[in-house]
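The block underneath contains the structure these notes are about, expressed in structure tokens.
Reckoned from all heavy atoms, side chains included, excluding hydrogens, waters and symmetry mates.
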Amino acid sequence: MTEVRIRPRQVLILIIVFIVLLLMVHRNGKRTCDGPDYLQAMYTQQQSDTLPKIYAITPTYARPAQKAELTRLSHIFMLVPNLHWIIVEDSNSTTPLVRNLLLRAGLENRFTQLNIKTPQEFKLQGKDPNWIKPRGVEQRNLALTWLRANANVDRHAIVFFMDDDNSYAVELFAEMSKIKPGHVGVWPVGLVGGLMVERPLLDQENRVVGFNAAWRPERPFPIDMAAFAISMDLFIKYPQAVFSYEVQRGYQESEILRYLTTRDQLQPLANNCRDVLVWHTRTEKTKLTAEEELIRKRKRSDEGIEV
């Protein structure tokens with residue numbers, strides 16, 4: 001009889017193969033996550049069907065950086081299992097650029113693509129600063145109309161206004177998932193309002209008693225659009241809650257929230273408003289002087305290429 005010798009290295013390989021096979025069996029039919037604890041917890045909740053859906057509403061418009069900014073946001077949707085993207089284009093029709101981006105990100109069943117044009121009298125002109133006129137009013141209101149008609153009112157869900165030029169930590173959406181029915185969740189926002197951070201101020205019982213806003217602190221809710229998310233049932237309960245052109249500059253947040261909540265009812269999140277998980281960043285306006293010169297010569301650097 002021939003003696004079979006198994007070397008230590010072969011034993012190690014067999015052990016590794018066995019462990020891999022066990023993991024494959026364990027994961028069969030399940031989507032898993034090897035990320036941080038908060039993300040693993042979200043996938044566990046998803047598998048037990050207890051994770052609330054988050055509807056992220058994003059107004060967008062055609063510009064050189066549009067695809068780049070939407071691509072950055074799409075990576076969050078690839079990671080977070082409970083996000084549904086309602087993306088509303090400021091245009092007369094939806095565009096192939098946006099749809100192809102959504103499909104390429106693998107979001108076939110997780111997006112709604114809408115469009116509505118901003119009235120000309122409310123559009124920015126030439127060198128207008130971006131704060132001079134309210135933006136995204138038509139687009140956000142159309143998304144809310146769609147939600148009121150299509151969301152499952154029997155399931156808890158969250159609504160978040162997700163501008164395409166901000167920067168978001170994945171953990172923000174884990175925090176957002178903690179919002180209770182009938183509540184509005186709030187948290188700090190970095191690099192906004194002339195401050196390093198704007199944040200809700202809490203008392204010893206962790207109730208919101210004020211805000212540290214430096215710009216127009218007299219506003220009923222002196223916070224940024226990225227600083228809160230809303231339980232969907234509140235939009236069903238209060239159909240009059242919409243955005244408006246007939247408000248002072250900087251009052252869009254207060255306009256929507258005044259229908260839905262009061263300061264003392266706000267639900268603090270993000271480590272009792274001590275963690276910054278979203279930043280009010282803005283992409284610098286793209287400089288295309290060389291491209292403009294090419295166009296004058298009836299040429300383009302992106303001929304036949306979608307950028």
Value rounded to 0.5 Å, distance of [atom1] in [X] from [atom2] in [Y]:
{"X": "S301", "Y": "E291", "atom1": "OG", "atom2": "CD", "value": "3.5 Å"}
{"X": "W215", "Y": "D224", "atom1": "CH2", "atom2": "CG", "value": "11.0 Å"}
{"X": "F111", "Y": "H84", "atom1": "CZ", "atom2": "NE2", "value": "8.5 Å"}
{"X": "I223", "Y": "F221", "atom1": "CD1", "atom2": "CZ", "value": "7.5 Å"}
{"X": "I116", "Y": "S93", "atom1": "CD1", "atom2": "OG", "value": "13.0 Å"}
{"X": "Y38", "Y": "L172", "atom1": "OH", "atom2": "CG", "value": "10.0 Å"}

Heavy atoms of other groups near [X] [atom1], more than 12 under 6.0 Å:
{"X": "K117", "atom1": "NZ", "value": "yes"}
{"X": "E246", "atom1": "CD", "value": "no"}
{"X": "R99", "atom1": "CZ", "value": "no"}
{"X": "E284", "atom1": "CD", "value": "no"}

Are any of the side-chain nitrogens in R72 or D165 under 4.0 Å away from the carboxylate oxygens of its partner?
no

State plainly whether the residues R216 and E218 are in salt-bridge range, i.e. N to O under 4.0 Å.
yes

Under a 3.5 Å distance rule, please check whether [X] uses its side chain to pair with a backbone N or O of [Y] as donor and acceptor.
{"X": "R199", "Y": "N212", "answer": "no"}
{"X": "H183", "Y": "T261", "answer": "no"}
{"X": "Q265", "Y": "T262", "answer": "yes"}
{"X": "N152", "Y": "A157", "answer": "no"}
{"X": "R155", "Y": "A151", "answer": "no"}

Could you report the tightest heavy-atom contact between [X] and [Y], atom names first, then the distance?
{"X": "R140", "Y": "I57", "answer": "CA-CG2, 4.3 Å"}
{"X": "P220", "Y": "Y251", "answer": "CD-CE2, 3.7 Å"}
{"X": "E175", "Y": "A270", "answer": "OE1-N, 2.8 Å"}
{"X": "S231", "Y": "G182", "answer": "OG-N, 3.2 Å"}
{"X": "R263", "Y": "V209", "answer": "NH1-O, 4.3 Å"}
{"X": "A56", "Y": "M162", "answer": "CB-SD, 3.7 Å"}

List the steps, then state whether side-chain hydrogen bond (donor to acceptor under 3.5 Å, both in side chains) holds for E138 with Y245.
CA-CA 9 Å; E138 299 286 344; Y245 289 110; 3.3 Å; yes

Mutual orientation of the aromatic rings belonging to F161 and F235 [parallel < 30°, tilted 30-60°, perpendicular > 60°]:
perpendicular

Of the options [options], which is the one that meets [X] in a side-chain contact (heavy atoms from CB on, under 4.5 Å)?
{"X": "F173", "options": "L39, I158, V80", "answer": "V80"}
{"X": "I86", "options": "N150, T58, V159, L147", "answer": "L147"}
{"X": "N115", "options": "V88, T94, V98", "answer": "T94"}

Side chains of Q139 and T60, donor plus acceptor under 3.5 Å
no

Ignoring hydrogens and angles, state whether a donor on the side chain of Q45 or S177 is under 3.5 Å from an acceptor on the partner side chain.
no

With sequence neighbours left out, the residues meeting salt bridge (Lys or Arg N to Asp or Glu O under 4.0 Å) with R63 are E69, D164

Worked check of side-chain hydrogen bond (donor to acceptor under 3.5 Å, both in side chains) between T95 and Q113
CA-CA 9 Å; T95 63; Q113 185 182 9; 4.6 Å; no

